[in-house]
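See below for the structure under consideration.
Residue numbering restarts at 1 for every chain, and letters A, B, ... go by the order of the sequence lines.
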Amino acid sequence: MKIATWNVNSITARLIRVLEWVGSNRPDIICLQEIKCIDQKFPTGEFEQLGYRVETYGQQTYNGVAILSLLPVSEIQRGLPDDEDGAQRRLIAATIDSVRVINVYVPNGQAVGTDKYLFKLDWLSRLRNFFDAHCDVTKPLVLCGDFNVAPEDRDVHNPALWEGKILCSEAERAALKKIQDWGLVDIFRKHQPEGGYFTWWDYRQAAFRLNHGLRIDHL
DNA sequence: ATGGTTGCACAGCAA
C-alpha cells in the first residue's frame, strides 16, 4: 500500500499541483492538511474523477484535513474525541483495507512560550491520550501528517540556529516521542539514517533553493 | 531586533 501525506496550504490554491502529483503517482491513500476550506468547497469531483474516495474535515481559512483513498473507507472519525464544539479541525481517521489511518495537522505553536505553544503541547498530549483510549496497538495502523516537530537535530538544516526554537524545542520533541512510544515507528528514519532530508522550507529567504529545511512531516 | 513570503476573510492574522 502506498500512502502519502501533504500539507497543501489551501487545496484550492494548490489544486493543479495536487491533481498532477496524485494523477502521476497514484498513491492508494493521500492525507492532506491545511485544506483551508469548508467541506462543501472541497474539489471532491476532481479527485473522484481520478478514482478517489474523498473524506474531509474542513474549516474556513485555517486548518482542515482530508483523506483521499482508492480503496473503500470505513469508520471515519472527525476530530479528537475530547474536542470541544467549534474546535480547530486537525484530525481525520479512517479504516482502509484493515489499516487504521490517522491523519493529523498538529498546531504550529508560533513561538516557544506563547499561548499557541501551550495549545500545541496540550494537543500533542491529547493525541497520545487518544491512542491510549481508542487505538489497538496489535493491529495495523498508520499515523501521518504535519507534526510541526523536527524530532532530532539531524532533521534540521542548521541545528544551532534552531536550538530551543519552535518546531525543535525539548518539550515539543518529548511530546512527539511520547506519541511514538505508544508503539509507532518513524518509517522514514527506519530506512534513511542520514540528515539533510526535509519536508518543509520557509517561503522566505530562498530557503527551498538553499535546502534550508526541517523534517516535520512524518509517517 | 526586524523582516523576509504566502494564503485567506482584502486586513491583519497565521504559518
Side-chain angles (χ1 to χ4, degrees), chain A residues 4-22 30-44 46-47 54 56-66 68 79-80 83-92 103-127 143-151 155-173 175-176 179 197-219:
Chain A
T5 175
W6 189 352
N7 179 324
V8 293
N9 187 19
S10 168
I11 188 59
T12 53
R14 212 68 60 221
L15 183 59
I16 300 304
R17 288 173 190 269
V18 177
L19 287 172
E20 184 194 43
W21 192 90
V22 168
I30 180 164
C31 294
L32 306 177
Q33 305 89 35
E34 275 204 277
I35 63 174
K36 287 188 171 181
C37 69
I38 58 175
D39 297 337
Q40 296 88 325
K41 289 197 172 178
F42 191 91
T44 300
E46 341 275 288
F47 290 102
V54 176
T56 59
Y57 190 44
Q59 179 183 335
Q60 189 168 79
T61 309
Y62 302 115
N63 313 311
V65 285
L68 316 183
L80 284 165
D83 272 347
E84 293 175 4
D85 287 349
Q88 299 177 11
R89 298 188 168 191
R90 296 179 172 278
L91 182 148
I92 186 169
N103 172 25
V104 295
Y105 173 45
V106 174
N108 170 279
Q110 194 169 59
V112 173
T114 61
D115 287 350
K116 292 192 177 70
Y117 179 73
L118 297 176
F119 176 72
K120 178 183 195 173
L121 295 178
D122 183 61
W123 201 91
L124 287 165
S125 169
R126 291 169 56 215
L127 182 60
L143 168 65
C144 68
D146 177 355
F147 291 79
N148 270 314
V149 180
D155 301 310
V156 182
H157 77 278
N158 183 343
L161 185 69
W162 281 87
E163 186 179 3
K165 300 284 199 324
I166 196 67
L167 315 181
C168 298
S169 73
E170 287 297 324
E172 289 167 85
R173 287 176 169 178
L176 181 61
I179 291 162
Y197 294 93
F198 308 126
T199 65
W200 172 84
W201 303 258
D202 199 292
Y203 279 117
R204 295 160 290 192
Q205 296 171 314
F208 182 75
R209 180 171 61 78
L210 299 168
N211 198 28
H212 288 176
L214 276 68
R215 193 174 71 93
I216 60 175
D217 301 80
H218 309 293
L219 298 104

task = With P as the reference atom in both, quote the distance from dT5(B) to dC10(B) in angstrom, rounded to an integer.
result = 23 Å
Q) Would you call the rings of H212(A) and H157(A) parallel, tilted or perpendicular, where under 30° means parallel and over 60° means perpendicular? A) parallel
### Query
Can any side-chain N or O of K120(A) pair as donor or acceptor with the backbone N or O of N148(A) at less than 3.5 Å?
yes
### Message
Ring of F198(A), cation from R215(A) - is the NZ or CZ under 6.0 Å from the centre and inside 45° of the axis?
### Response
no
Note to self: Check this for me: R126(A), atom CZ, are more than 12 non-hydrogen atoms of other residues, nucleotides or ligands nearer than 6.0 Å?
What the structure shows: yes
Residue set satisfying ring-ring contact (aromatic ring centres under 6.0 Å, His included) with F208(A), at least two apart, ordered chain then number -> W201(A)
*With a non-hydrogen cut-off below 4.0 angstrom, is F208(A) in contact with a base, only sugar-phosphate, or nothing?*
nothing
| field | Interatomic distance at C1', dA14(B) relative to dG4(B), whole Å | value | 16 Å
Between Y203(A) and Y105(A), whichever has its closest DNA chain B nucleotide further toward 5' is Y203(A)
With a 4.0 Å cut-off (strictly under) to non-hydrogen atoms of chain A, the first and last hit nts on DNA chain B, 5' to 3', are dG3(B) to dA15(B)
Of E34(A), R14(A), Q33(A), the one forming a side-chain hydrogen bond (donor to acceptor under 3.5 Å, both in side chains) with N7(A) is E34(A)
*Take atom C1' in dA15(B) and the same atom in dG3(B), then report the distance between them in whole Å.*
15 Å
On DNA chain B, more 5' by nearest nucleotide between K41(A) and Q110(A) is K41(A)
- Rounded distance in Å between the P positions of dG7(B) and dT2(B): 26 Å
